[in-house]
Amino acid sequence: MTALETIRAALAQAASRLGASDVEVALERPRDPTHGDVATNLALTLAKKLGQKPRAVADKLIAGLELPAGLVRKIEVAGPGFINFFLADAQVVSALPAILSAGANYGKTDVGHGATFNVEFVSANPTGPLHVGHGRQAALGDAIAALLEWTGWRVSREFYYNDAGSQIMNLARSVQARIRQARGLPAEIPEQGYQGDYIREIAERYIAEHPQDNEGADLEAVRRYAVRELRAEQDRDLQAFGVKFDVYFLESSLYTTGKVEETTRRLVAAGHTYEKDGALWLRTTDFGDDKDRVMRKSAEKGSDYTYFLPDVAYHVTKWERGFHHALNVQGSDHHGTVARVRIGLQALEMGIPQGYPEYVLHQMVTVMRGGDEVKLSKRAGSYMTVRDLVEEVGRDAVRYFYLMRRGETHFVFDVDLAKSQTDENPVFYVQMAHARMVGIYRVAGRDPASVSAAGVDLSVLTQPEEADLIKELADFPAMVQGAAAAREPHRITGYLEGLARIAHAWYHKYRVLGEPEEAARLVLARAVQQVLANGLSLLGIRAPERM
RNA sequence: GCGCCCGUAGCUCAGGUGGAUAGAGCAGCAGCCUUCUAAGCUGUUGGUCGGAGGUUCGAAUCCUCCCGGGCGCACCA
């Protein structure tokens, strides 16, 4: 039982003695160190229920508190009625052996109890290369998946390919047009077609590899070829970015397995559909939508399903594949689909919870270079791709930058800052802190992995910076848990920057080697290095041993 | 018009699920190099939390309205 858990339990018991049983005891680490190491607002929340003044309740709670000896060195009531706990020095220092023995697992918890969790992200249509917006999504999705894994979920990373819709036909016709142009035949890119240079390149390769159809007459073959090429291209980009998916789910499979038909039948059977103007509609207004939605188009529009139905069918497969927790990372420009997918699942009346699936939406990305915005025009086919970015600034910096801001904010990617090798660059700053800790061991001629706290007198770590550092390290598991629960990886980058700052300050102010405190400080340096490494690896960023 | 997101220091942004005197980096100002990496560190200036109400012991955080910016509102995906 950790110090925190002990305090929590003791408070709950003291509260029940005052006649308040089953209370939620909230503990927090105060921002202001003069407010102690652990604080609770329990007396404030109980005051009303008990009809007494908060500070009086606090005094009574403290009087009824049974804590083991040696845990805290001071307890005080402060402000409107907060109870502040000051941990004994031995308690603070005891975090270090725990960190070293947990090693690469330090920070992991088991709130998920090994239950499965499906995280879908990127899911770009195979109609072009991955652009900088997809990059943000790849970084976010992968980091959220990792956060869930760190908190005990069994995560499956999933990529959904829309390889069956009308956009794919646009792609095929665009490539076909380029093939014909390359052969000197009259042809034009369709109205909604794709203009980029990559289309021309695919056309040229198609001609080279299809001597029997070098005018692209076989549209279906062109389509298959273009999709395959673009998927391979996207896979290479994702690989360069260090993102791996467990499942690639093809929209087309929903048709070949009959899942779309089946979902349609179920919706009809559930009684929420009707026909109007030759189309099949779902009465989404029954579930709070502002208008009903078409499921299957009328004959004159081609009798195709709209995108909506395969989306619903797809999420049915997630549920049926056993994923009772599912999260989709999407650009906020698709937020309109959120309610509709959920409504579709509700209309099936098959016991899927209302908030399923969960969504994390993120805003757009703009790229700045030399103080100017890099203009992106999809129409003209001028792209800034993920690969361009990775090649220019490096994988680690790209990932870190994508993750250091909340997803809800519009993100400005500063290429110059990301490339800079100075402390203004946060990823550099954090990696440098890690390299420095390793550097101490290098100079000492010791293998960091062999360090243990056994037999080391840690009580000599008495400097204020050392206590700060240790408390920060002890915070890591709670940080990870909070970031996972909120699906907010940026909390981890913020934490790492804060930890790096304290570590740099400590490193600068105190020496390790050759000091009386050497053994204990080596343990501390090792613990700092371990936590930095764990945080970085969680985010998919390397922790270099030297820079 | 309707829906979602955003508005916090000169700039870029945090603010751990309602807590104590609103924080950090950069920029500015004042300092620190015989050192395990100065690729660094220390100190300091700077705020009408877009605005107005409300909820309560307590609001940047929750509710309502308004202002400003982004995105979305198809038998496109």
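In what follows, every chain begins at residue 1, and chains take the letters A, B, ... in the order their sequences are listed.
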Is the shortest side-chain N to carboxylate O distance from A:K318 to A:E158 below 4.0 Å?
no
Have a look at A:Y510 and say if it touches a base, only the backbone sugar-phosphate, or nothing, with a 4.0 Å heavy-atom cut-off.
base
Regarding A:R29, tell me which of base, sugar-phosphate or nothing describes its non-hydrogen contacts under 4.0 Å with the strands shown.
base
Could you tell me the separation between the CH2 atom of A:W506 and the C1' atom of B:U42, rounded to a whole number of Å?
18 Å
Within the 4.0 Å heavy-atom criterion, would you say A:M547 contacts the bases, only the backbone, or no part of the nucleic acid?
base
Checking ring-ring contact (aromatic ring centres under 6.0 Å, His included) between A:Y160 and each of A:Y314, A:Y307, A:Y248, which is the one that passes?
A:Y314
Base, sugar-phosphate, or nothing: which does A:K48 touch, judged by heavy atoms less than 4.0 Å apart?
sugar-phosphate
Going by an N to O cut-off under 4.0 Å, is there a salt bridge joining A:E466 and A:R521?
yes
If you count every heavy atom of other residues, nucleotides or ligands that lies below 6.0 Å from A:E358 atom CD, does the total exceed 12?
yes
For the residue pair A:R526 / A:Q529, report whether a side-chain donor-acceptor contact shorter than 3.5 Å exists.
yes
Have a look at A:D414 and say if it touches a base, only the backbone sugar-phosphate, or nothing, with a 4.0 Å heavy-atom cut-off.
nothing
Just how far, in rounded Å, is P of B:A14 from CZ of A:R491?
12 Å
Base, sugar-phosphate, or nothing: which does A:A279 touch, judged by heavy atoms less than 4.0 Å apart?
base
Given pairs defined as Watson-Crick or G-U wobble with both distances under 3.5 Å, what dot-bracket annotation applies to RNA chain B, with ( ) intrastrand, [ ] crossing, | other strand and . unpaired?
(((((((..((((.....[...)))).(((((.......))))).....(((((..]....))))))))))))....
With heavy atoms under 4.0 Å as the rule, sort A:A478 into base, sugar-phosphate or nothing.
nothing
Side chain of A:R406 only, please: which of B:C36, B:A14, B:A39 is the nearest?
B:A14
For A:A485, report the nucleic acid contact type (base, sugar-phosphate, nothing); a contact means any heavy atom under 4.0 Å.
base
A:Q167 and A:N162: side chain donor to acceptor below 3.5 Å:
no
From NZ of A:K509 across to P of B:C36 the rounded distance in Å is 19 Å
Other residues, nucleotides and ligands only: do more than 12 of their heavy atoms fall within 6.0 Å of NZ on A:K60?
no
Of the candidate nucleotides B:G15, B:C36, B:C41, which contains the atom at the shortest distance from the side chain of A:H504?
B:C41
C1' atom, B:G19 versus B:A60: distance in rounded Å?
13 Å
Which whole number of Å gives the distance between the P atom of B:G16 and that of B:U37?
38 Å
Using a cut-off of 4.0 Å on non-hydrogen atoms, how would the nucleic acid contact of A:S298 be classed: base, sugar-phosphate, or nothing?
base
Within residues 331-338 of chain A, the residues having a heavy atom closer than 4.0 Å to RNA chain B are A:S332, A:D333, A:H334, A:H335
Reckon A:G494 touches a base, only the sugar-phosphate, or nothing at all at heavy-atom distances under 4.0 Å?
nothing
Whole-Å distance between B:C4 P and A:R342 CZ?
13 Å
Residue A:N162, side-chain heavy atoms: nucleotide from B:U37, B:G16, B:A77 that is nearest
B:A77
Nearest-nucleotide check on RNA chain B, A:Y441 vs A:T422; residue mapping nearer the 5' end is A:Y441
Please classify the glycosidic conformation of B:C11 as syn (within 90° of 0) or anti (everything else).
anti
Nearest-Å distance for atom pair CD1/C1', residues A:I502 and B:C41:
14 Å
Given atom CG of A:L282 and atom C1' of B:C75, what is their separation to the nearest angstrom?
14 Å
Closer than 3.5 angstrom, by distance alone: can the side chain of A:Q363 be matched with the main-chain N or O of A:T409 as a donor-acceptor pair?
no
Determine if the base of B:U17 is syn or anti; take syn to mean the glycosidic torsion is within 90° of 0.
syn
Is it true that A:E515 and A:Y510 share a donor-acceptor pair across their side chains at a distance under 3.5 Å?
no
Please work out if A:Y495 contacts a base, only the sugar-phosphate, or nothing of the nucleic acid, heavy-atom cut-off 4.0 Å.
nothing
Looking across every strand, which nucleic acid part, if any, lies under 4.0 Å from A:N125 by heavy atom: base, sugar-phosphate, or nothing?
sugar-phosphate
N or O in side chain of A:R436 less than 4.0 angstrom from B:A38 OP1/OP2:
yes
Is the phosphate of B:A74, meaning OP1 or OP2, less than 4.0 Å from a side-chain N or O of A:K291?
yes
If you measure only the distance, is there a donor-acceptor pair under 3.5 Å linking the side chains of A:Q530 and A:N534?
yes
Are A:F249 and A:L254 close enough that some pair of their side-chain heavy atoms sits under 4.5 Å apart?
yes
Within the 4.0 Å limit for protein heavy atoms, which parts of nucleotides 18-32 of chain B are touched? Write it as a string from 5' to 3', B for base, S for sugar-phosphate only, - for none.
-BB---SSSS-----
Of A:Y429 and A:A299, the one whose nearest nucleotide on RNA chain B sits closer to the 5' end is A:Y429
Distance check needed: B:G15 P versus A:R405 CZ, whole Å only.
11 Å
